[in-house]
Every structure is written in C-alpha cells, then in structure tokens.
Amino acid sequence: MREIIALTKISLINGFNLHGLSFKNLKQIKQIWKPIIFIFVIAALIPAYLLYLNFLETVNVSFIKLNQSGYFIALSYNVISLLIFIFGLTYIMAYFYFSRETEIFLPLPVKQRNIVISKFIVILVYEYIIDFIFLIPVFLINGINTGANVAYYIMSLISLLIIPIAPLALSAIVMMLIMKYTNIGGKKDLIRVISMFLSLFIILGIQIIIQKQFTNIDVGQEDFFLKLLTDNKMLINKLGYTNPLAKWLGTSLMLENVGSVINFIIFILANILFFGLFVFTGEKVYLGGIIGGNEVISKKKQLTKNEFDKKVSKINKPYMSIFKTDWTILIKTPIYLLNCVSTVILIPFILIIMPIIVGDFSSSLGALKELYEPNIQYINYGIAGVLMLFGAMNPTAVTTFSREGRYLWLSRIIPVSPKDQIIGRSLSPLILQALLVIILLVGINFIVPIEVSTIIIGGGLGLAGSVPIILSGILIDIQKPKLKWTNPQRAVKQNLNVLVAMAVGLLITLILGLVTYFMFNSNLNYIIIAVVNLIIITVLSIILYRILLTRIEKRFVEIED
Amino acid sequence: MLKIQNLSKTYSNGSIKAVDNINFEVRPGEIFGFLGPNGAGKTTTIKMIVGLLRPDSGKILIKDIDNQEEMIEAKKQISYVPDNPEVFEKLKGIEYLNFIADVYGVNAEDRKERINHYLEVFSLDKAVNDLISSYSHGMKQKIVLIGALIHEPDLFILDEPMVGLDPKSSFNLKEIMRKRCSEGKSVFFSTHVLEVAEKLCDRIAIINKGKIIAQGTMEQLRALEGQEQSLEQIFLELTEQ
C-alpha cells in the first residue's frame, strides 16, 4: 500500500503538473493567461453544456412518463461506460506503455502489481474529472424529477466513484493483452493499432449482435406500450443483456425494495471483480508487454545502389517535405494515429453504421426520404455545419507543433519560410477532413441516396469551412505549444490548446450558421447563400493566414523565452 | 563569416544576465572554439546565433546578413548540431536526410553523392534504412551530423560535438572540420574537452558568467598569462579569477 501511495503521488504530481498550478506561478504576468484562457474556454462551452442539461431533462421526463425511470440511469451508464472503454484504450496505451515515467519506475524495487495499480489510479482520477461533469447532472436531474430520498443521493455519490472502474479495467485488460501478444517483429506499432481497432469493433460488434437478438422490439406491436407502462423494468432488462452492470445500477437506484440494495451490492462487487481481474492480468502480462515492448527492430541491412538511388532521387518542395514528415509521424505514432486519424473512421461508424446495424431502417427509410427531399437545402447546410464541428474536434491542426515536442528545435532552425510551414502543416488535417467528408457522405448515401447538391454544398462547404478552423488551430498552437511532455498522449489529449481550438471552431461554425440562417430567412437563393458562405470562409482564411505568417516567424524565436 | 556585436541576453525580467554584451568574430577558413564552465552562456549564445533565442540587444551577422532581419537567408548559410540530438524517431535515417536535403534545397546529384560519402565516413550505411528510434545515442548524433553537412554550409555550428561519438567518428569529424576550413568555410563549436579545442581550434573564446574573459589564438591566450601553459591551466586560472 505504501508503494502504491508513493508511486501514485509522484505520478499525479507529474501527470497533472501540480507544482505548475501553484499560485506563485500565476503571479508571473506571463502565466496569468493560462487561467484566463481556461475560464474563456469554459465560458464558451457553457451554452453547449446547457443544451446537454436540457437534453437530459427532456429524456429523463420522457422515460418517467413511460414508467421507465430506471432506464435513464442504466442507459446513461451504458453510454458513458462505452465511451470510457473506447477512450480508455488510448489512455492505457499512452500511460502504461509510452510514458517516460514507466522507464523510471521499472528499475525500482517495486512490485509490478503496484506499478499497474498506481497507473490505474492516476487514469481513474483523470476519468473522474471528465465523468463528474457529465454524470452529476444525470443523477441530480433524475433525483429531482423522481423525488428521490437521501439514500438515492448517497448511492449516487458512491456510484459516481465506482462507475469508471469496470470499463477502465476492461480497457486495461484488453490493452495489456494486445501489448503482450503483439510484441513481435518490426511492425509492432502497426500490429498494435490494428489489434486495438479489431478489439474495439469486436466488442462493439458483440454488443450490437446481442442487442439485435435479445432486444427485438417491434414498436408496431399493440401491446408494446402496454408492456412499457405495466413493466417498469422492461427496457432496463433488455439493456441488461448487453450490459448487466447498467441493469444493476439502474434497478438499484430505483430503490424499490431490498432487491435494489442487493443489485447495488452486486454492481459494486462486479466492479471489484473487474478490478481484480485487471490486477491479476497486470501481474502476469504487464512486464512482458513493456520490457522490450518499446524496442525497435533494426534490420541493419545496407541499401543496394538502386534502392539508395530511388530513395534519394525524389526532391520535394519544402512544404511537401514538412507535410510528409508530419504525416509519417502522425501515422507511425500509435497515440497520434488513434487520437487524430482514427476519429475519421470512428465518427462515421458510430453515427451511421452502428444505427444501421442496430436499428430497423426498413420502415424508417421512407420517412427519412420524405424528410430529406423537401428540406434538402437546409440539410445540406446542416451537413456542412456538422462536418465543420467534427473538424474542430480533430486535434491534428492544433497539435502540429506540440506533437513535435522536444524535436521542434529542428523546425525552428531550418530555412523554411512561414508560408511553407503553414501549407505543409495544414495538409495533414485537411486530408483527414476530406476523408471524413467522403466517408460520411458515402455512409449517408447508404441510408438515403444523396443528391449532387449535398455533395457540393454539404461536403464542399464542410471541407472549405475546415480551412479557417485548421489555420486557427495552428495559430493557437504556435502561441503556446506544449513541448515538454514525457508521454505523447499529453501533446494531444491533456493539452488546453485542443479545447481552445474546439471553442474557436465552434464559434466559426456558429457564426457561419447564423449568417446562413439569416440569409434563409431573407429568402435568398441557396446558391447565393453558398457563395456568401464561401466568401466569408475565404476572407477569414486569408486573415488567419496573414496573421500566421508573422506569428510563426516571431514565435519560432521567442518560444524558449 | 560570423560577427557577434554587443550581444546580450537576460532572463527573469533582466535579473539574470545569461550573456552580457559579448563581442567576437569567426573568420572564413577558421575553426573557432567556444569554451566556458557550465552555465557560462555558451549554449545561450549558440542558440541566439542559430535562431532559437532572440537576443535582448546586439547584432548577429552571418556573412553580413543580420539574422534578426533576414532570418531565412541567414539560416541557409549555417547548420547546427545540438548537444542533445533529438530528432524525429519515427523517421528512418534516410527519410530524415532527405527531409534536410529538401529544406536546404540540395539537388538530387549532390545529395546522393554527399549522403553516400558521409554515411560511409560515419559508418551508418547499414543503419540508414532503419528507424531512428532504433539508433543508439551516438548513431543519433551521427545522423544529425550528416544532416548538418549535406548542404555544405558555410558556417558549421556545433554544441559539444564530441559527446557520444566513438573515437573513429570523433577523428573523422575533426578531419571534416579541417577540410571545410581549408575550403574557406568556418566551424564554430563549444566544448568542454579542452585538449580537442587546443589541438583543433585556430582561435578560442572563453566565456564565464555571460562575459567573454579571453579570446585569441593559443599563443595570445598564453601571452595573457605570461607563461607557457596548457589550455586547461589557462582556462582554470581565468575562470577562477
């Protein structure tokens, strides 16, 4: 226990930069900007959070009216546990395997088990910060609307602390097994990333299959609503087939009888069991995945004359060289691949493919077509807006300098003009946005055959609109790149710049959305609206580009000051 | 080739003078050594020359190009090898070298010939197609050195260049430095290894607590102390004063 506490304390201080948060640091004028920016970002996200609260209230009231109050908690747990599991995979990979702390801990005379437990606790603390923001309102809203008693709130508080454990433990188990059994050959990183995606799709696939098999609700059946109104656990029981923990939590917080308390105890025990399995797995396989896990195979094979000539003959323009280097590092670093590139595949999968597989679209297809065709103009702009929002959420542009970390000195000394730096660094996020546009439009086309105008306006504006968002991301990062990181995850995830860029991207999208709305209200032709949007995007991009030209030159020299 | 005029750099709102009004010059065809104890201001000076830090005052002229006014032009004249060779670990050696050749505008023929030559000199020909993350510290140092040499810079700047290099590579690097100087190019490097500086450098400057306390040829430095002494003895006496 003493070892666990010591390791966890060091990891928390280092991981959250606790000394850097001291008031003494803030007294320096230069450091004052950090809390100001943080407050600004929080303020910018408040409207979105209020929308989220409103959404929760609406859904909760709906479920209560349908006599399915417990389902609200169960469903919320199901969603959050899935998200914790998915994102947990990258946190575990980064923190358990690619953090420099691990290299410091391993030679110490501490038990392997204690290292994994302390690392788990650190990630858990990080999860708590995120989960509390999203889960506290779930419990509060449900409690207020159902007139819950003190016991409910006490159990809710305990649940908040327990909820991340099982999904995070499962993430850790999956990741530790992948890292142990893919510790082979020269393509280790690639194998691991593929394995991670495979595990993700397998687990999601299992959920989907079970859900389809056991939750075949024919909403058209006459007695469906009768069953809903008479059996207050109908939906929660069906959910329980795919996620029994969701069922136990949901039913326990209904606080109907002794059974609720028993379910709560089972929920807690299940989480303890998952944690125990994680510790057991960690003891057996963690070292095997990590020792030699970061070794890179060198073939030491001399290139033949032809091979050498081929590799050095191709000359690239400086911006192309910057782009190729950036793209290579993005693809070859598992953390960056998962955080920046994989979202291009995951978002369309979660938004489109999963509902197609899970839902019964045959009856809905006609309704969707009826919705699409007469409202195509609005839907086109809606798609453009959604694509721009997803572009704002992608951290590739806003971490372009942060991802280089301690290598940034090289970019700063080479004779490459700011213009080439901007172009070179914009290409990776632009390509990713283009991929997202293509995948999403192809996916939508499977549900409802889309028209050319959707491709041009929805896709075209969605791509064009990402340009100012990308440029603003690069500008944000050059102002204060996060360079001193021991774990590449910190460059892309624990980076305030990413939040700031999201807020700015949201603002740009909102402004364009408002302008579009007013133009529609003024009965302007939708092609003119598209042209006006394009002009605004172009002007904004030119302004941001010009600002970047001078900022990059200035900041490259100032960064170390 | 390189003129440093009244160069100063302070930290913590002026309370710490890392470099205090220094002046020196590196002439064409000369190897110039920059010596000093830890924390004297060597790396700070070098970083200002290569554009990693902005001076508070003073001028840095590289082939008469002010590196604060015409940064890109100034950078084209130099190359820099830091003391800690951190480079993109996810690139292969050959990819890194191509990247450097691209940004410095080295044509295909020249880059083929030069990369081949330096890979052989530094015995990296078998490892160049491997990821840099598989390299040892010394190999990383070498790949950065090769990268710094392939565009044939007029001013070659190195910070502690011998650290991490094996004896053969150290010897080869010294030979490269001498050859470059015989062609009219210049080398400017900082080092703690005084024997190397004594044997290799045409002129030396010693910096201590941000100020240049001595500069000149070995003979001129010996004349300062008025007796025949090794550089080590001169250095220790001057820095202890």
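Just so it is clear: chains get the letters A, B, ... in the order the sequence lines come, proteins before strands, and each one is counted from 1.
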Shortest non-hydrogen contact from I413(A) toward V50(B) = CG2-O, 3.8 Å
Neighbour count above 12 (heavy atom, 6.0 Å) for K59(B) NZ | no
Neighbour count >12 (heavy atoms, 6.0 Å) for atom CD, E120(B) = no
Among N316(A), V416(A), D420(A), single out the residue with the greatest number of heavy-atom pairs under 4.5 Å to chain B.
-> N316(A)
Measure from the side-chain N and O atoms of K75(B) to the backbone N and O of R412(A), and report whether any donor-acceptor pair falls under 3.5 Å.
-> yes
Are any side-chain N or O atoms of W409(A) and backbone N or O atoms of E86(B), one a donor and one an acceptor, separated by less than 3.5 Å?
-> yes
Which region of [X], side chain (C-beta onward) or backbone (N, CA, C, O), has a non-hydrogen atom less than 4.5 Å from a non-hydrogen atom of chain A, or is it both or neither?
| X | answer |
| --- | --- |
| V128(B) | side chain |
| I72(B) | both |
| Y135(B) | neither |
| L119(B) | side chain |
| I100(B) | side chain |

Spatial distance of atom [atom1] ([X]) from atom [atom2] ([Y]) [nearest 0.5 Å]:
| X | Y | atom1 | atom2 | answer |
| --- | --- | --- | --- | --- |
| R403(A) | F88(B) | CZ | CZ | 10.5 Å |
| N84(B) | R406(A) | CG | CZ | 8.5 Å |
| K314(A) | R111(B) | NZ | CZ | 10.0 Å |

Considering only heavy atoms, which portion of K554(A) lies under 4.5 Å from any heavy atom of chain B: side chain, backbone, both, or neither?
-> both
Would you mind checking which part of I322(A) comes under 4.5 Å of any heavy atom in chain B, side chain (CB onward), backbone (N, CA, C, O), both or neither?
-> both
Considering only heavy atoms from C-beta outward, does the side chain of [X] approach that of [Y] to under 4.5 Å?
| X | Y | answer |
| --- | --- | --- |
| Y96(B) | L410(A) | yes |
| I115(B) | F308(A) | yes |
| K90(B) | T328(A) | no |
| E558(A) | L53(B) | no |

Side chain to side chain contact (heavy atoms under 4.5 Å, CB included) partner of D102(B), the single match among I315(A), I414(A), T325(A) | I315(A)
Between [options], which has the largest tally of heavy atom pairs under 4.5 Å with chain A?
| options | value |
| --- | --- |
| A101(B), P82(B), A74(B) | P82(B) |
| M71(B), K47(B), E95(B) | K47(B) |
| E89(B), E73(B), K76(B), K112(B) | K112(B) |

